[in-house]
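Down below is the structure, laid out as structure tokens.
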Amino acid sequence: MKKLAIALTTLSLLAAGVGGASAASYAYTSMGDCDALKGSPESWDTTRISDRLKEDGVPFSEIDTFGNCFKVMVLNSDGTKSVQLYDPSTLNLIHM
């Protein structure tokens, strides 16, 4: 019973965004909400997402596409890298 209570509390906190990753002013959307831009993903212009990340001080090394999303390689403060996905239409961070 105690394990169930801990698991439910943890899930509630994660669902509320407590203890989870966040990025500046980006709203979370789900992968299903990632709207494709016109044309093939390989032809998408990355200028808008690049400019927004720079304005918000998000260090990154590359921007690519993954499915209907922008895939950004973020440089973490500890020297590691992580991948973040963004909706190409809204530039919202995709909650993974």
Side-chain angles (χ1 to χ4, degrees):
M1 187 69 160
K2 186 175 180 179
K3 287 182 182 181
L4 177 61
I6 292 171
L8 291 175
T9 301
T10 302
L11 288 174
S12 296
L13 290 172
L14 289 174
V18 176
S22 63
S25 61
Y26 299 100
Y28 286 121
T29 60
S30 69
M31 196 77 165
D33 292 336
C34 196
D35 295 325
L37 296 176
K38 292 182 179 179
S40 67
E42 295 79 26
S43 68
W44 293 350
D45 183 11
T46 59
T47 304
R48 285 180 52 233
I49 185 74
S50 176
D51 289 347
R52 178 142 180 209
L53 293 168
K54 288 175 186 174
E55 287 172 12
D56 288 344
V58 178
F60 63 95
S61 61
E62 71 180 80
I63 299 173
D64 203 349
T65 58
F66 178 78
N68 290 335
C69 303
F70 282 125
K71 179 179 81 171
V72 178
M73 185 65 66
V74 176
L75 305 172
N76 302 314
S77 59
D78 64 359
T80 61
K81 295 180 181 180
S82 59
V83 172
Q84 292 181 343
L85 299 177
Y86 292 84
D87 184 301
S89 296
T90 64
L91 303 183
N92 288 340
L93 177 65
I94 303 298
H95 185 69
M96 296 188 284

If two hydrophobic side chains count as joined below 4.5 Å and joins carry through other members, does Leu75 share a cluster with Val72? no

To the nearest 0.5 Å, what is the distance between CD on Glu55 and CG on Leu53? 9.5 Å

Can you name the closest pair of heavy atoms from Trp44 and Thr65 and give their distance? CE3-CG2, 3.7 Å

List for me each residue that meets side chain to side chain donor-acceptor pair (under 3.5 Å) alongside Thr47, sequence neighbours excluded, and say none if there are none. Asp45

Taken in chain and number order and not counting sequence neighbours, the residues that satisfy side chain to side chain donor-acceptor pair (under 3.5 Å) with Asn76 are Thr80, Ser82

On a heavy-atom basis, the closest approach of Ser50 and Phe60 is OG-CZ, 3.6 Å

Inter-residue atom distance Phe70.CZ - Arg48.CZ, 0.5 Å rounding: 7.5 Å

Please report the shortest heavy-atom distance between Leu91 and Tyr86, naming the atom on each side. O-CD2, 3.5 Å

Can you measure from CG (Asn92) to SG (Cys69) and round to the nearest 0.5 angstrom? 11.0 Å

Heavy-atom closest pair (Lys71 atom, Val83 atom, distance to 0.1 Å) is CG-CG1, 3.4 Å

Roughly how far apart are Asp51 CG and Asp56 CG, rounded to 0.5 Å? 11.0 Å

Which value, rounded to the nearest 0.5 Å, describes the distance between Gln84 atom CD and Met73 atom CE? 10.5 Å

